[in-house]
Amino acid sequence: MADDKKLTPRAEDFSAWYNEVVLRAELADYSPVRGCMVIRPEGYGIWERMQRALDDMFKATGHRNAYFPLFIPESFLQKEAEHVEGFAPEVAVVTHGGGRKLEEPLVIRPTSETIIYAMFAKWVQSYRDLPLLYNQWANVVRWEMRTRLFLRTMEFLWQEGHTAHATHEEAKEETLRMLGVYRDFMEGWMAMPVVTGRKSDSERFAGALRTYSCEAMMQDNRALQAGTSHDLGQNFSRAFDLKFQSEEGTEEYAWNTSWGVSTRLIGALVMTHGDDIGLRTPPLLAPTELVIVPIYRKDEERDRVLQAARGIVDRLAEWDRRNPARLRVHLDAREGIKPGAKYYEWELRGVPLRLEVGPRDLEQNQGVLVRRDTREKRAVSLDSLGEEVAEVLQLMQADMLEAARERREANSVRGPISYDQFRELMAGAGAFVYAGWCGSAACEAEVKAETKATIRCLPDEEFRSAETPTHCLRCGGPSTDEALWARAY
RNA sequence: CGGGGCGUAGCGUAGUCCGGUAGCGCGCCUGCUUUGGGAGCAGGAGGUCGCCGGUUCGAAUCCGGCCGCCCCGACCA
């Protein structure tokens, strides 16, 4: 960094900027173990708020939490052919325990389908036992070659939903319902717009019939897969003998779904909303929504201002008890640090609102309220502060989503595009390109080899272009699906 | 695992070519003065120069080996 105090600008080096924000906002730090990370309180606080919101949404759609073990017998993984093939290369295996070699090695879960459906098989006999709607909050391990803070680490935190149903119809509904829940969360809580759709076969989850995903655009115009929902068909129920007796008395295999989002979402949040000053946290996910910075010169002023600031905290707490907004307020009463230094620090951390309170303000029974997203300053009366703050926070939440949506649309390309134009675009600024696809894996692979871009998804109807593409982006043959092409993380 | 780069204080680095007292900025500690957008002054703490070995009177610097990290590829939430 040329200037120790400033971040590398996004336009100069997006990756460097991202790392600096994560480290300096104290979201996370590198661990002594290669590829692993420590999530620090600032980052974990965001994760806790994500967890709370998602968990409520899962419960509201009928799911219950459970916990399955970290260790899985190696043989379990072998039972579903595609699943082993997909995960074997990145699985960590425990071969020794208690000073002895294990008879059967244990894999550390890279995902829990196998052990969960093995257990489901024990618990399900009749159609009356279905559906089973489970979720678990857990850590998983995947032996990644190249890692990046939050986006790809060898161990990460996530939730994985696993369900079993009597009919494929019901399982399909569940798969799409949870994709919708993710979308609602990402847009409503993270203020991050996503494109939903189905994955192509080559991007499908190992062992799934169909995979659906939420794809978000980061500020470098690359795509980030933010969440996936899988229709597993009967692949795992057959592998683990998850059968039930139907109403008609016949023996049937259950239909499964699984779906997950991870701490990667914190990385998505940074890359969606961060600016050259630091993080910008959407109010609903901010561990602290409002920071109060007292301003004073002399000792006499300090006592007066701090007392008033504490009064404001109390009044907001009181206001909070009467209103559902649940304001999270912090008073920065540290001495010996100038107000300006505090501003920079809280802006780096992404706290949505700041209230400056000094002697001049108190004379007029007001404070200066500053928005982190627009940095707009406004004097507000201390009498109506609760209402004012709640209102601005709500507005910010909406504005941030809208700003992110506008940015995404400004960097999306629709309509006829030549392959040369496409290559140029992918080599340069990047974009979400909606274009035709002939359905062949070969074309998809060639595009990837030539441009590093992949099919992020075959977008759901509402995201498709008004004019359906007629030709494949790569081969020019007849298009069977409109695809969203982009370089991805 | 293939190609490239780098390991010097908590962080960022100079010094390495050409061997000779290990320096700077930020941060940290103490004191005083400051405090409406990153404070100033004074004093101070902190280093087996990644590790092991060799050459030499003498190695951060030269030589050999090893380890680790970063970037680019193949793999991925």
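For A:R423, the salt bridge (charged side-chain N to carboxylate O under 4.0 Å, His left out) criterion is met by no residue, not counting sequence neighbours. Remark: A:D231 pairs with A:H168 by the side chain to side chain donor-acceptor pair (under 3.5 Å) rule, at least two apart or across chains. Remark: A:D383 pairs with A:R315 by the salt bridge (charged side-chain N to carboxylate O under 4.0 Å, His left out) rule, at least two apart or across chains. Evaluation of the ring-ring contact (aromatic ring centres under 6.0 Å, His included) rule for A:F240 yields A:F76 as partners, not counting sequence neighbours.
For the C1' atoms, the distance from B:G23 to B:U8 is 11 Å, rounded to whole Å. Of the C1' atoms belonging to B:A45 and B:C28, the separation is 8 Å, rounded to the nearest Å. Remark: the separation of the P atoms in B:C49 and B:G31 is 33 Å, to the nearest Å. As rounded to the nearest Å, B:C66 and B:G7 have C1' atoms that lie 14 Å from one another. Going from the C1' atom of B:A14 to that of B:A9 covers 14 Å, rounded to whole Å.
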Taking only Watson-Crick and G-U wobble pairs with both distances under 3.5 Å, what dot-bracket line describes RNA chain B, where [ ] shows pairs that cross earlier ones and | shows pairs with another strand?
((((((((.[[[[.)....(..]]]].((((((.....)))))).....[[[[[..)....]]]]])))))))....
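Taking the charged nitrogens against the carboxylate oxygens, A:E450 and A:R474 do have a contact shorter than 4.0 Å, which makes a salt bridge.
For the pair A:K342 NZ and B:G38 P, the interatomic distance rounds to 14 Å; values are reported in whole Å. A:R334 places its CZ atom 12 Å from the C1' atom of B:G38, with the value rounded to the nearest Å.
As judged by a 4.0 angstrom heavy-atom cut-off over every strand, A:E347 is placed among the base-contacting residues. A:S262 comes within 4.0 angstrom of a base, heavy atoms only. Using a 4.0 Å heavy-atom criterion, one finds that A:L224 contacts no nucleic acid atom at all.
Looking only at distances, a side-chain donor or acceptor of A:W17 sits under 3.5 Å from a matching main-chain atom of A:D275. Between the side chain of A:K199 and the backbone N or O of A:R456 there is at least one donor-acceptor pair closer than 3.5 Å.
Judged by the 6.0 Å distance and 45° axis criteria, A:R354 is positioned over the aromatic ring of A:Y343.
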Protein within reach of the bases, or only the backbone? For nucleotides 69-75 of chain B, mark each nucleotide 5' to 3' as B, S or -, using heavy atoms under 4.0 Å.
S--SSBB
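Every pair passing salt bridge (charged side-chain N to carboxylate O under 4.0 Å, His left out) that includes a residue from residues 9-18 of chain A is listed here, sequence neighbours excluded: A:R10-A:D276. Sequence neighbours left out, the pairs with a member in residues 196-216 of chain A that pass ring pair (Phe, Tyr, Trp, His ring centres under 6.0 Å) are A:H83-A:F205, A:F87-A:F205, A:F205-A:H230. Sorted by first then second residue, the salt bridge (charged side-chain N to carboxylate O under 4.0 Å, His left out) pairs that include residues 46-55 of chain A, not counting sequence neighbours, are A:D55-A:K59. Applying the salt bridge (charged side-chain N to carboxylate O under 4.0 Å, His left out) definition to pairs two or more places apart or across chains, those involving residues 65-84 of chain A are A:E82-A:R204.
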Provide a list of protein-nucleic acid N or O atom pairs under 3.5 angstrom, restricted to nucleotides 33-36 of chain B.
residue, atom, partner, partner atom, Å
B:U35, OP1, A:R297, NH1, 3.3
B:U35, O2', A:Y296, O, 2.7
B:G36, OP1, A:K338, NZ, 3.3
B:G36, O6, A:P359, N, 3.0
B:G36, O6, A:R360, N, 2.6
B:G36, N1, A:D361, OD2, 2.7
B:G36, N2, A:D361, OD2, 2.8

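Taking every heavy atom of residues 269-279 of chain A and every atom of RNA chain B, no pair lies under 4.0 Å.
Taking the six-membered ring where the residue is Trp, A:Y117 and A:F120 present perpendicular rings, their angle passing 60° and hence far from 30°.
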